[in-house]
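Below is one structure, written out as structure tokens, with a few remarks after it.
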Amino acid sequence: MDIHLDIHQFPCLNDNYGYLVHEPASGQTVAVDTPDAERYLGEAAGRGWTINEIWNTHWHPDHAGGNLRIKEATGCRIVGPAGEAAKIPGLDLAVKQGDTLELGGAKAHVLDVPGHTLGHVAFHFPHQHAAFVGDSVFALGCGRVFEGTMEMMWNSLNRIKALPKETRLYCAHEYTASNAKFAVSIEPENKALKEYVAWIEKRRAEDLPTVPALLERELATNPFLRADLQIMQIAMGHPGDAVATFGEIRGRKDKF
Ligand code: ZN
Ligand code: FE
């Protein structure tokens, strides 16, 4: 049975997105990450929703910084990555790859997607074709590899690539316009990328979000997801080596 979820997306801090996921029949609401506690509490109150749970993707303060304030205000349960449990304020339940969570009967699978941080997780609602991916993958980008290795991050991106292509990726930041400039520098002849960039420019000119990102479109355009393609490997100087190709692209982006 497909359960409908209301996904409320709103800008937070400088360039984060906040997400409240609500299941109307049960009245249950999950806050995905907590960049700004007051903003989350206000957005929930404005809809008549109460935050029952927080699901953290990783420990960075723009993702877990509002945990304790929201827990204090609502008594919510805090769910977060087992791989960095000690760094998640107020954690009640640690989850990892293979675990399943529930929101009013809608199932979410936990994916381990380390690299940006060592315990980073994503939450995938298979029936709703929605994945909350934090800072693992962005529209036309991916997270900086702060704690893990390039190989670890590439394996994590492969986990996301393996989701059904109609999956919408609810990324944690609006970085798309600057990511697009970089992507064009890597694949100037990619026709799907050119079309995507035109759409992005239009959206941003109207101050509209480019997130969520459709996985199918990302597979055709996001350079970080394309390191297994021979054409990309040759262009980056690492034929036959997806990890080195990914590392080359990530290194170029860090200096871009
Ligand atoms: Zn982060
Ligand atoms: Fe972040």
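We count ligands from 1, going down the list as the structure has it; atoms in each ligand are counted the same way. For the single chain, residues carry numbers from 1 onward in sequence order. A quick note: this is a predicted structure, and the numbers were derived from the prediction, not measured. Note: hydrogens, waters and symmetry copies are ignored here, and every other heavy atom, side chains too, is used.
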* May I ask you to check whether His63 brings an N, O or S atom to under 2.8 Å from the Zn ion (ligand 1)? => no

* Examine Phe132 together with Phe123 and report whether their ring centres are nearer than 6.0 Å. => no

* **pair Phe256-Lys181: side-chain heavy atoms closer than 4.5 Å** => yes

* Does a side-chain N-to-carboxylate-O contact under 4.0 Å join Asp6 and Arg47? -> no

* What N/O/S atom of Asp135 is the closest to the Zn ion (ligand 1)? -> OD2

* Do the rings of His116 and Phe146 sit parallel, tilted or perpendicular, given the 30° and 60° boundaries? -> tilted

* To do: Could you tell me whether the Zn ion (ligand 1) has an N, O or S atom of His120 under 2.8 Å away?
  => no

* To do: For this output row, return yes or no: ring centroids of Trp55 and Phe125 closer than 6.0 angstrom.
  => yes

* Could you label the plane-to-plane angle of the Phe182 and Phe224 rings as parallel, tilted or perpendicular, counting under 30° as parallel and over 60° as perpendicular? => parallel

* Say you draw a straight line from CG of Leu13 to CG of Asp36; how long is it, rounded to the nearest 0.5 Å? -> 5.5 Å

* Asked: Listing by chain and number, what protein N/O/S atoms are under 2.8 Å from the Fe ion (ligand 2)?
  -> Asp62 OD2, His63 NE2, Asp135 OD2, His173 NE2

* Structure fact -> The N/O/S atom of His60 lying closest to the Zn ion (ligand 1) is ND1

* To do: Taking the Zn ion (ligand 1) as the vertex, measure the angle between atom NE2 in His116 and atom NE2 in His58; round to 10°.
  => 100°

* Pair His120 and His60, ring centroids less than 6.0 Å apart -> no

